[in-house]
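Structure first, commentary second.
Per chain, numbering begins at 1; letters A, B, ... match sequence-line order.
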There are 2 protein chains.
Amino acid sequence: MPTPERTSLDGIVSAGRALLESDGLDRLTMQAVAARVGVRAPSLYKRVRNRDELIGLIAHATLRELATRLEGAVNEAADDPRTELRQLAGVARDFAHERPAGFRLIFGAEVRLDEASLAASSAPVLRVAAALAGERDALHAARTFTAWLNGFVSMELAGAFRLGGDVEHAFEYGVARIADAVASPAGG
Amino acid sequence: MPTPERTSLDGIVSAGRALLESDGLDRLTMQAVAARVGVRAPSLYKRVRNRDELIGLIAHATLRELATRLEGAVNEAADDPRTELRQLAGVARDFAHERPAGFRLIFGAEVRLDEASLAASSAPVLRVAAALAGERDALHAARTFTAWLNGFVSMELAGAFRLGGDVEHAFEYGVARIADAVASPAGG
DNA sequence: ATGCTACATAGCTATCATGGCTACGGTCAA
DNA sequence: TTGACCGTAGCCATGATAGCTATGTAGCAT
């Protein structure tokens with residue numbers, strides 16, 4: 001091997017994720033990432049095709065982490081589907097508060113996520129939805145829940161809840177009502 | 001009055017909105033807007049502080065148009081709150097399909113919308129929510145509905161519904177379930 | 001009333017700074 | 001010697017500013 005490497009793809013993506021949260025997407029410049037990694041900007045292009053690809057990798061890594069946490073949430077919860085749904089919602093919301101920029105990146109439209117990661121992150125939701133609404137309506141129920149959750153958190157992050165009222169309470173209200181709405185007598 | 005004006009703030013914002021939809025936010029450059037208006041880029045700075053302010057004005061104008069359409073939807077519908085809710089959802093979704101980039105701009109986090117426009121666009125939803133859920137839960141109900149709607153449409157625009165199933169049907173299912181979930185025996 | 005001057009403002013050219021990206025050469029371990 | 005790694009130099013696009021030119025109106029002098 002010639003001259004030892006001073007960085008790695010993982011290091012670059014990690015630096016990018018940190019920078020995304022601390023400075024925002026538009027400050028996520030190749031120079032800033034390179035500086036954080038201890039290298040000059042052009043050197044990044046040995047590992048990453050361009051800025052868009054780097055952003056895609058960051059989104060991908062973030063989505064995988066979310067998927068892992070969602071799996072964990074379902075495993076921790078009791079077997080009651082309503083409780084599991086609440087857990088899923090809470091974990092996703094906590095994640096969004098912890099990494100708001102990353103969350104926006106995932107659910108925004110600027111990045112096209114690959115099918116596999118999408119399926120992986122949907123799996124736990126689909127399972128709970130099936131338990132709650134029955135197999136037949138599982139996909140619709142999962143979509144209704146995911147849409148609500150995503151919308152709620154997006155609006156919260158965007159500061160769109162400025163008409164008063166308690167946001168925590170609105171969240172609890174929302175989960176409970178969605179669970180009720182989606183539950184079938186047969187399922188949950 | 002000195003040299004006749006070749007443009008106006010309205011003209012600039014309109015050109016910006018058109019460009020946003022046809023070319024996307026990142027192609028919305030000051031030069032592109034100026035060219036469309038028939039002027040050079042620096043001249044725009046006589047009317048607009050900078051690109052961010054222009055984007056804010058575009059978001060604002062788009063939100064006002066959405067608010068107007070939502071009002072219209074409620075007026076057209078019968079007096080049944082469920083029907084009104086369905087109308088609101090449909091109008092918003094149609095709007096999002098017609099102006100996807102504008103819709104993302106509104107519900108994304110890159111622009112801070114002013115309180116007044118926010119309230120104006122929320123008003124019809126709040127009214128229907130009150131009719132459906134009762135005054136006490138109106139705000140919570142409106143937030144649950146808005147969150148679901150926003151999330152559903154955002155995901156649709158982002159192409160996140162790739163796990164099969166009929167999206168139209170999922171939408172109908174969603175509105176119906178949200179209406180059920182939010183309706184109180186007293187209210188709707 | 002007519003003609004000239006002063007001024008206010010729209011828009012332009014020129015220019016700078018920043019950031020993405022490429023080409024190419026130096027350096028260092030094997 | 002060789003080959004991968006990384007840096008310097010540099011190109012291009014874009015946001016933004018400075019200062020100039022052009023234009024037309026208001027107002028004054030005749």
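Residues meeting the side chain to side chain donor-acceptor pair (under 3.5 Å) test with B/S154, sequence neighbours left out: B/N150. Judged as a side chain to side chain donor-acceptor pair (under 3.5 Å), and not counting sequence neighbours, B/R36 has no contacts. Residues passing the side chain to side chain donor-acceptor pair (under 3.5 Å) test with A/T146, sequence neighbours excluded: none. Remark: B/D180 engages B/R82 in a salt bridge (charged side-chain N to carboxylate O under 4.0 Å, His left out) (not counting sequence neighbours). Remark: B/R127 pairs with B/E71 by the side chain to side chain donor-acceptor pair (under 3.5 Å) rule, at least two apart or across chains.
Rounded to whole angstrom, the span from the OH atom of A/Y45 across to the C1' atom of D/dC11 amounts to 13 Å. Computed from coordinates, the B/L28 CG to D/dT14 C1' distance equals 12 Å when rounded to whole Å. Rounding to whole angstrom units, CD of residue B/Q31 and P of C/dT13 are separated by 12 Å. Nucleotide C/dG19 holds its C1' atom 15 Å from the CG atom of B/D26, rounded to whole Å. Remark: C1' of D/dT23 and CD of B/E5 are 13 Å apart, rounded to the nearest angstrom. Taking atom CZ of A/R47 as the reference point, atom C1' of D/dC5 lies 8 Å away to the nearest angstrom. Atom P of nucleotide D/dC6 and atom CG of A/L9 are separated by 13 Å, given to the nearest angstrom. B/I55 places its CD1 atom 13 Å from the C1' atom of D/dT14, with the value rounded to the nearest Å.
For B/R51, counting side-chain heavy atoms from C-beta on, the closest listed nucleotide (C/dG11, D/dG15, C/dG20) is D/dG15.
Each ring pair (Phe, Tyr, Trp, His ring centres under 6.0 Å) pair with one or both residues in residues 7-65 of chain B, not counting sequence neighbours, would appear here, but there are none. Evaluation of the side chain to side chain donor-acceptor pair (under 3.5 Å) test over residues 130-141 of chain A, restricted to residues two or more places apart or in two chains, returns A/H140-B/H169.
No side-chain donor-acceptor contact under 3.5 Å links A/Q31 to the backbone of A/R40.
Phosphate proximity of C/dG11 to B/R6: absent, as no side-chain N or O sits under 4.0 Å from OP1 or OP2.
Contact annotation for B/S8: no contact, since no heavy-atom pair falls under 4.0 Å across all strands.
Comparing A/R49 and A/R27 by the nucleotide of DNA chain C that holds the closest heavy atom to each, the one mapping nearer the 5' end is A/R27. Nearer the 5' end of DNA chain D, as judged by each residue's closest nucleotide, is the contact made by B/D52, out of B/K46 and B/D52.
Within residues 10-24 of chain A, no residue has any heavy atom closer than 4.0 Å to DNA chain D. Listed by residue number, A/V39, A/R40, A/P42, A/S43 are the residues of residues 32-44 of chain A with a heavy-atom contact under 4.0 Å to DNA chain D.
In this structure, A/F95 has its ring center at least 6.0 angstrom away from the ring center of A/F103.
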